[in-house]
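Input: a single structure, listed below in structure tokens.
We name chains A, B, ... by the order of the sequence lines, and we start the count at 1 in each one.
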There are 2 protein chains.
Amino acid sequence: MKDLSTSDAQGERRSGRIGIGLALDAVHFKILDVLRSHGRLSMAALAERVGVSRANAYTRVEALRADGVISGFSARVDYSRVGLEICALIFVTVRQELWKQFRAALAQMPEVEYCAVTTGEHDAMIQIRVADVAAVHRVVTDKLSNIPAVRATETVIVLDEVLRRPYVLPPASQGAEPLPVPAPGTPGASQFGMTRFIRAADGRPGLRGDADQED
Amino acid sequence: MKDLSTSDAQGERRSGRIGIGLALDAVHFKILDVLRSHGRLSMAALAERVGVSRANAYTRVEALRADGVISGFSARVDYSRVGLEICALIFVTVRQELWKQFRAALAQMPEVEYCAVTTGEHDAMIQIRVADVAAVHRVVTDKLSNIPAVRATETVIVLDEVLRRPYVLPPASQGAEPLPVPAPGTPGASQFGMTRFIRAADGRPGLRGDADQED
DNA sequence: GTTGAAATTAGTACGAA
DNA sequence: TTCGTACTAATTTCAAC
């Protein structure tokens, strides 16, 4: 079997975001829907579930992968079975001028599962997985606080994980609409309501920077 | 190929958390480490990478799956390629007596990717994926606000996703320690530091409830 | 824990719609 | 073009070592 788990196993499509096209139809979404929870399903079984031929399923999955819609495959690990009982969220205030440093430091912290730059009171939210609450404290005081870019932190402990979907799909996948291809700049109407948008801070990195995944 | 993506494809191990044992050694962690980023790697390639025989790799992966350490496999979907450009975090204050209702309502919202009950100022954090900022507003005002259990919300928009690891593994996987099996009640020393722990609120659900995954 | 052989499956080429 | 069938190479899976 070829390694389907990496984005560019073959030499083609090296140049990043070339074929930004690939119009997704209902079958594509069905495939994504099945594959996000059953990532290791055989092509035959996938084809049967989706209602197309084996070869068709294969071609489509390959196209999705080559086009970057599917960026890889992951085993889902039960954290409690692996000694990582504690999950915590750390809200960080960052010195904007040291942003790059902050990124680099985070990449070297294996306990960080996720980090997002946000609007609102804080600048970023970090999610970590560790063995016990003492380790949370260690991460915050020993590691994060020693990053010059970190001005302040506020930590909350996750008591229960109510919901955790492998991946979310757009409502089009349930309805019939073919979804008009995520064109480079679909603006969408702008209303904000009670949303906390851009706070008084400058030098924020743009939306969609280089969210480097290690795959 | 058998469907490796579901937890209990075979009839064995129906009774939930039976074999809580399965001591994980360095090889197990190596396998998890590879499989969390290359979930669809062939057994042969996995075996080679980890340094064991094909059959050994097969047996170990099967054991990990049967024991629930690996709860399944997922395709990683690039949200921007699928029309879900916007990610938002919504912090919710919940009427504690209506907690069950809150859970049920969340399960029926396809745009919710993650929800965690937390300590701190708010009761829960919800992460959603939608097409545009208008949809964020719709989710908050039309859906969340109409759930009786929701007392108040505060929304922040994710501007950039700095880091997103497929899954985090304990430091033991890099070192040599065999990690003494996540026994049912490893307490760990208790220090708290600047962490916001339990706020003045009662009727909180216990840590590790029934985080139902749809797989 | 390892090797090897049978059963499945993936990947490809080719023809029909 | 796009989909489906047929064929070959590769992989899983299970036996015996």
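Residues satisfying the side-chain contact (heavy atoms from CB on, under 4.5 Å) test with Ala55(B), not counting sequence neighbours, are Ser53(B). Partners of Ala104(A) under the side-chain contact (heavy atoms from CB on, under 4.5 Å) rule, at least two apart in sequence or in another chain, do not exist in this structure. Take Tyr114(B) and apply the ring-ring contact (aromatic ring centres under 6.0 Å, His included) test, not counting sequence neighbours, and it matches no residue. Every residue two or more places apart in sequence or in another chain was checked for a side-chain contact (heavy atoms from CB on, under 4.5 Å) with Glu48(A), and none qualifies. Among residues two or more places apart in sequence or in another chain, the side-chain contact (heavy atoms from CB on, under 4.5 Å) test is passed with Ala105(B) by Ile147(B).
Protein atom CD of Glu48(B) is 14 Å distant from nucleotide atom P of dT2(C), rounded to whole Å. Rounded to whole angstrom, the span from the CZ atom of Arg65(B) across to the C1' atom of dT13(D) amounts to 14 Å. Summarising the geometry, the separation between CZ on Arg40(B) and P on dT12(D) is reported as 11 Å, rounded to the nearest angstrom. Between the OH atom of Tyr58(A) and the P atom of dG11(C) there is a distance of 4 Å, rounded to whole Å.
Of the options Arg36(A), Arg76(A), Arg165(A), a side-chain hydrogen bond (donor to acceptor under 3.5 Å, both in side chains) to Ser74(B) is made by Arg76(A) and by none of the others.
Applying the salt bridge (charged side-chain N to carboxylate O under 4.0 Å, His left out) rule to pairs touching residues 104-115 of chain A yields Glu111(A)-Lys143(A), Glu113(A)-Arg129(A), Glu113(A)-Arg164(A), sequence neighbours excluded.
Where pairing requires Watson-Crick or G-U contacts shorter than 3.5 Å, the helical stems of DNA chain C with at least three consecutive pairs are C:1-17 with D:1-17.
Lys30(B) has no carboxylate O lying under 4.0 Å from a charged side-chain N of Asp25(B), or vice versa, which leaves the two without a salt bridge.
Using a 4.0 Å cut-off, no side-chain N or O of Arg60(A) falls inside it from OP1 or OP2 of dT2(D).
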Give every pair of a protein N or O atom and an N or O atom of nucleotides 4-8 of chain D that lie under 3.5 Å apart, one pair per line with the distance.
unit_1 : atom_1 : unit_2   : atom_2 : d
dG4(D) : OP2    : Ser53(A) : N      : 3.3
dG4(D) : OP2    : Ser53(A) : OG     : 3.2
dG4(D) : OP2    : Asn56(A) : ND2    : 3.4

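Among the nucleotides dT13(D), dA10(C), dT12(D), the one closest to the side chain of Met43(B) is dT12(D).
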